[in-house]
Amino acid sequence: MDTNLALLLLLAPFLGFLFNIFFGKSIGKTASGILGTLTVALSFAVTLCFFTRINASQEAIQIQLFDWIQISNFKVEFGFLLDQLSVLWLLFVTGIGSLIHLYSISYMHDDENMHKFFAYLNLFIFFMITLVMGSNLLVLFIGWEGVGLCSYLLIGFWHKNQDFNDAAKKAFIMNRIGDLGLLIGIFILGSMFSTLDYNSLQVAISGATNLDVTTLSIAAFCLFIGACGKSAQIPLYTWLPDAMAGPTPVSALIHAATMVTAGIFMITRLNYVFDLAPDVQNIIAIVGAVTSLVAATIALVQTDIKKVLAYSTVSQLGLMFLALGLGAYEVAVFHVITHAFFKACLFLGSGSVIHALHGEQDMRKMGGLKKWMGVTFFTFLISSLAISGIPPFSGFFSKDEILMVAFEHNKILWFIASLASLLTAFYMFRLLYLTFFNDFRGTEKQKSHLHESPALITFPLIILAILAAIGGLISLPSNSWLNGYLSPLFAKEVHEAHHFGTQEYSLMAIAVIGGLVGIGIAYSKYLKQNQVPESDESITGFAKTLYNKYYVDEAYDFIFVKSINSLSNFFRDQVETGLSSAVLGLGKITNELGYQGKKIQSGSIGLYVLFFVLGLCAIVTYLFLAQ
C-alpha cells in the first residue's frame with residue numbers, strides 16, 4: 001500500500017507531463033492546464049495522507065523498489081524515504097505547486113504553447129518530488145539534475161527572445177559548476193562508507209572508530225558548493241536574478257518553494273555529516289550572512305519589480321544558510337516554510353500587476369494600482385509585512401529565530417543579518433509604495449485597461465496571504481510544534497528557546513524596530529515625498545554600482561567568458577592553424593611521393609627487369625656481408 005501511494009505521489013505529475021506533451025495541444029489550453037493542476041493536486045492529497053500518518057506515529061516509511069547498483073561491497077538501491085523532513089518539504093512543494101499551476105491557467109491563457117508550459121511545470125514537480133523522496137544521494141542527484149533541466153526549459157520558455165535564451169543557458173551552466181562539487185562530495189562519501197543511503201550513512205558515521213574527519217570535511221565542503229549553485233549563494237548566485245526571464249509562475253515556483261530550497265534540504269538531510277565539519281559550518285554561516293547583505297543592498301535600487309523580488313530571494317536564502325551554518329537546521333527549515341508562503345504570494349502578486357499592465361515590469365511606470373487591484377494590493381501588503389519581520393506575521397517568527405541563534409553564536413554575523421533584515425523592510429515597502437500608491441505613472445492606454453486579475457489569479461494569492469499571515473504558528477517561541485516534529489532527524493538537540501528573558505525580548509524588539517525603521521524610511525521617500533527612481537542614465541555614484549549589481553556579471557564575463565574566448569581564438573588561429581599546416585604538409589609530401597612513384601609504373605619491361613636485377617643484387621650483397 002505504501003509503495004503504491006508513493007508511486008502515485010511521484011508519477012502523477014509525470015503522467016501529466018506525458019499527456020500534455022503528446023495530447024495537450026489537441027485537448028485545448030484550458031483542459032491542459034486543468035489536467036496539469038489536478039495531477040499536482042493529487043500528489044498533494046497523497047502527501048497529506050503520509051503527513052497525517054507520520055505526524056501521528058513519528059516513524060519514517062522506507063520503501064525499496066529494486067537493487068540499482070552493486071559493485072563489490074558498494075550497493076545502491078532505488079528507493080524512497082518518507083520521514084518528517086521529506087514529507088514536510090513535499091507538503092509545500094506540491095501544495096504551493098498546485099496553487100501556482102492553478103494561477104497559470106489564467107496567466108498563460110493567451111500563450112500558444114500553454115500545453116507545453118504545463119508539461120514543463122509538471123516535469124519540474126516530478127523531479128522535485130524525486131529529489132525530496134529519494135532514500136539516498138544518487139536518487140537525490142537524479143532529481144537535482146532534473147530540476148536543473150526543467151529550470152532551463154522554463155526560464156527560456158519564451159525562446160524567441162535571445163536574452164531569455166541567454167538567461168536559461170546562464171542558469172544551466174552555473175548550476176553545473178555547483179553540481180560538480182555535489183558529485184565530488186557524493187563520490188567521497190561513497191568511497192569512505194561504501195553506501196549512499198541516508199540511514200546507512202548515519203549509522204556508519206556514528207559507529208566509526210577511526211573516522212577521517214579531514215576527508216569528511218572535504219566532502220561536506222564539496223556538498224556545500226553544490227548547495228551554493230542550487231540555492232544561489234556567493235559566488236554562484238548571479239543566475240537567479242536573470243531567471244526572471246521566465247514567465248512569472250516560473251519565478252514563483254523556482255524561487256519560493258522548490259529548486260532554490262534544494263540546497264537547504266540536502267544540508268539538513270545530511271546534518272550528521274556537517275555537524276562533524278565545524279570549519280565548513282563556519283564557512284556556510286559566513287557565506288550565508290554575506291550573501292544576505294550583498295543581495296539586500298542590490299535590491300535597494302532595482303526598478304524591475306521581479307528583480308527586486310529575485311534579490312530578496314537570494315538574501316532570504318542567505319539567512320537560511322546562516323542558520324544552517326550555526327547548526328540550527330530546524331530554524332532554517334522554519335524560514336524555508338514561511339518564505340515559501342510569502343515569497344510565492346509576492347511573485348504571483350507581481351505577476352498579477354504585470355498581467356494588468358500588459359507586460360510592464362518597471363516600477364517607475366506603475367503607481368496607484370491599489371485603486372484598481374484591491375485584492376492584489378492587500379495580499380501583497382500582508383506578504384511584505386511578513387518578509388519584513390513585522391509581528392504577528394509568519395516572517396517575524398522565523399527571521400527572529402535566525403537572528404537570536406546568530407546573536408548566541410557570533411555577534412558580527414548577527415549584526416550583518418540584522419542590517420540585511422532592515423534593508424529588506426526598506427526595499428519591500430519601496431516596491432509596495434512605488435507600485436500601489438500615489439498617482440499612476442504609466443500610459444493612458446494602460447490606465448484605461450487597469451482591472452483586478454481574474455479569480456484564478458487572485459484565489460491563490462488569498463490562500464498564500466493567509467498562510468503568510470498565520471504560518472508562524474507552527475513554531476512559536478517556547479512552544480514549537482515544528483521543533484518537536486523534526487527532532488528525531490537531528491543528532492544534536494534542536495535549538496529551543498526554553499526561557500524568554502530580557503535578552504530575548506531585547507533582540508526581538510531590535511529586530512522589529514529595525515523593520516519599522518526600514519518601512520519608515522521607505523514611507524518618507526516614496527509615499528510622503530513621492531520620489532520616483534531616476535532613469536538608468538541619471539544614476540550615479542554608489543547607487544550606480546548597486547544598480548549594476550557590483551559589476552559581478554561583468555567581472556565574471558571578463559575573467560571567465562572573455563578569457564576562455566581568447567584562449568579558444570588562440571588555439572583556433574595559432575595552434576590549430578599550425579597543426580593544420582603540419583597535417584596538410586604531410587599530405588602534400590605523400591601526394592608528391594605518390595606522384596613521383598607512379599612514374600616508375602611506365603609499362604617498360606626493360607625498366608622492370610633492371611629494378612629486378614638491382615633488387616636481387618642488393619639481397620645477395622646483404623646476405624654475403626651478413627656472413
Side-chain angles (χ1 to χ4, degrees), residues 5-48 80 86 89-109 111-134 139-140 142-159 168 171-172 243 246-262 340 344 347-348 351 456-457 460:
L5 283 175
L7 288 173
L8 179 61
L9 166 62
L10 176 67
L11 294 178
F14 187 71
L15 294 175
F17 157 73
L18 291 176
F19 196 91
N20 270 321
I21 279 290
F22 292 109
F23 308 108
K25 197 166 187 177
S26 60
I27 65 174
K29 295 179 180 180
T30 303
S32 67
I34 293 173
L35 174 68
T37 304
L38 288 176
T39 57
V40 181
L42 178 59
S43 293
F44 177 62
V46 176
T47 301
L48 281 174
F80 305 134
S86 58
W89 231 271
L90 288 172
L91 277 175
F92 57 80
V93 167
T94 57
I96 295 178
S98 300
L99 293 174
I100 293 171
H101 276 70
L102 184 65
Y103 175 100
S104 300
I105 295 174
S106 178
Y107 190 87
M108 298 295 293
H109 190 266
D111 195 284
E112 60 181 352
N113 292 315
M114 181 175 168
H115 67 286
K116 190 182 294 184
F117 180 78
F118 273 94
Y120 293 163
L121 283 185
N122 280 168
L123 188 63
F124 191 105
I125 295 294
F126 164 74
F127 278 120
M128 193 65 200
I129 292 173
T130 303
L131 187 157
V132 173
M133 280 179 58
V139 178
L140 174 139
I142 294 174
W144 193 278
E145 293 303 298
V147 294
L149 167 65
C150 294
S151 69
Y152 169 78
L153 296 173
L154 288 166
I155 293 168
F157 183 74
W158 288 324
H159 54 82
F172 190 80
T248 301
V250 175
S251 304
L253 190 65
I254 292 177
H255 291 191
T258 55
M259 178 172 161
V260 295
T261 65
F347 267 116
L348 296 184
L456 285 178
I457 288 180

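Sequence positions, counted from 1, serve as the residue numbers for this chain. All figures in this text were calculated on a predicted structure; none of them were measured in a lab.
Put simply, the side chain of Leu10 reaches to within 4.5 Å of the side chain of Phe80, judged on heavy atoms. The shortest distance between side-chain heavy atoms of Val147 and Cys150 does not fall below 4.5 Å. Inter-residue side-chain proximity for Thr261 and Thr258 is flagged as unmet; no heavy-atom pair is nearer than 4.5 Å. Taking the side chain as every heavy atom from C-beta outward, Val40 and Leu121 never approach each other to under 4.5 Å.
Considering every non-hydrogen atom in both Thr94 and Ser98, the closest pair reads O-OG, 2.6 Å. Across every non-hydrogen atom of Pro249 and Ile100, the tightest pair is O-CG2, 3.5 Å. Closest non-hydrogen pair, Pro13 versus Ser43, comes out as CD-OG, 3.2 Å. The shortest non-hydrogen separation linking Ala119 to Phe17 is O-CD1, 3.2 Å. The heavy-atom pair separating Val93 from Met128 by the smallest distance is CG1-CG, 3.8 Å. Counting all heavy atoms, side chain and backbone alike, Met108 lies closest to Met114 at O-SD, 3.5 Å.
Residues satisfying the ring pair (Phe, Tyr, Trp, His ring centres under 6.0 Å) criterion with Phe117, sequence neighbours excluded, are Phe157. Phe127 is linked by a ring pair (Phe, Tyr, Trp, His ring centres under 6.0 Å) to nothing, counting only residues two or more places apart in sequence or in another chain. Contacts of Asp111 classified as side-chain hydrogen bond (donor to acceptor under 3.5 Å, both in side chains), with partners at least two apart in sequence or in another chain: Trp158. Partners of Leu5 according to the side-chain contact (heavy atoms from CB on, under 4.5 Å) rule, which considers only residues two or more places apart in sequence or in another chain, are Met1, Val46, Phe50. By the side-chain contact (heavy atoms from CB on, under 4.5 Å) test, Leu38 is found to be paired with Ile34, residues two or more places apart in sequence or in another chain being considered. Applying the side-chain hydrogen bond (donor to acceptor under 3.5 Å, both in side chains) test to Ser86 and every residue at least two apart in sequence or in another chain returns Asp83. Under the rule for a side-chain contact (heavy atoms from CB on, under 4.5 Å), the partners of Ser106 that lie at least two apart in sequence or sit in another chain are Pro454, Leu456, Ile457. A search for side-chain contact (heavy atoms from CB on, under 4.5 Å) contacts involving Leu90 returns Leu9, Thr47, Leu82, Ile129, Val132, Met133, not counting sequence neighbours. Remark: His115 engages no residue in a side-chain hydrogen bond (donor to acceptor under 3.5 Å, both in side chains) (not counting sequence neighbours). Qualifying side-chain hydrogen bond (donor to acceptor under 3.5 Å, both in side chains) partners for Tyr107, counting only residues two or more places apart in sequence or in other chains: Thr248.
Here the CZ-CG distance, from Phe14 to Leu7, works out to 13.0 Å after rounding to the nearest 0.5 Å. Atoms CG and CD1, on Leu123 and Ile21 in that order, are 8.0 Å from each other to the nearest 0.5 Å. Expressed to the nearest 0.5 Å, how far CD1 of Ile96 lies from CZ of Phe44 amounts to 9.5 Å.
For the salt bridge (charged side-chain N to carboxylate O under 4.0 Å, His left out) condition, the pairs that include at least one residue of residues 145-154, sequence neighbours left out, are Glu145-Arg176. Pairs of residues two or more places apart, or lying in two chains, never qualify as salt bridge (charged side-chain N to carboxylate O under 4.0 Å, His left out) while including a residue from residues 120-133.
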Pair Trp89, Leu131 - check side-chain contact (heavy atoms from CB on, under 4.5 Å), show working. CA-CA 10 Å; Trp89 231 271; Leu131 187 157; over 6 Å; no
Mind running side-chain contact (heavy atoms from CB on, under 4.5 Å) on Leu35 and Phe118 for me, showing each step along the way? CA-CA 9 Å; Leu35 174 68; Phe118 273 94; over 6 Å; no
Please walk me through it: do Thr39 and Phe19 pass side-chain contact (heavy atoms from CB on, under 4.5 Å)? CA-CA 11 Å; Thr39 57; Phe19 196 91; over 6 Å; no
Where do Leu42 and Leu8 land on the side-chain contact (heavy atoms from CB on, under 4.5 Å) test, with the steps shown first? CA-CA 8 Å; Leu42 178 59; Leu8 179 61; 3.8 Å; yes
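Side-chain atoms of Thr130 and Trp144 include no donor-acceptor pair closer than 3.5 Å.
Remark: side-chain polar atoms of His101 are paired, donor with acceptor, to backbone N or O of Gly97 under 3.5 angstrom. Not a single donor-acceptor pair under 3.5 Å links the side chain of Asn20 to the backbone N or O of Lys116.
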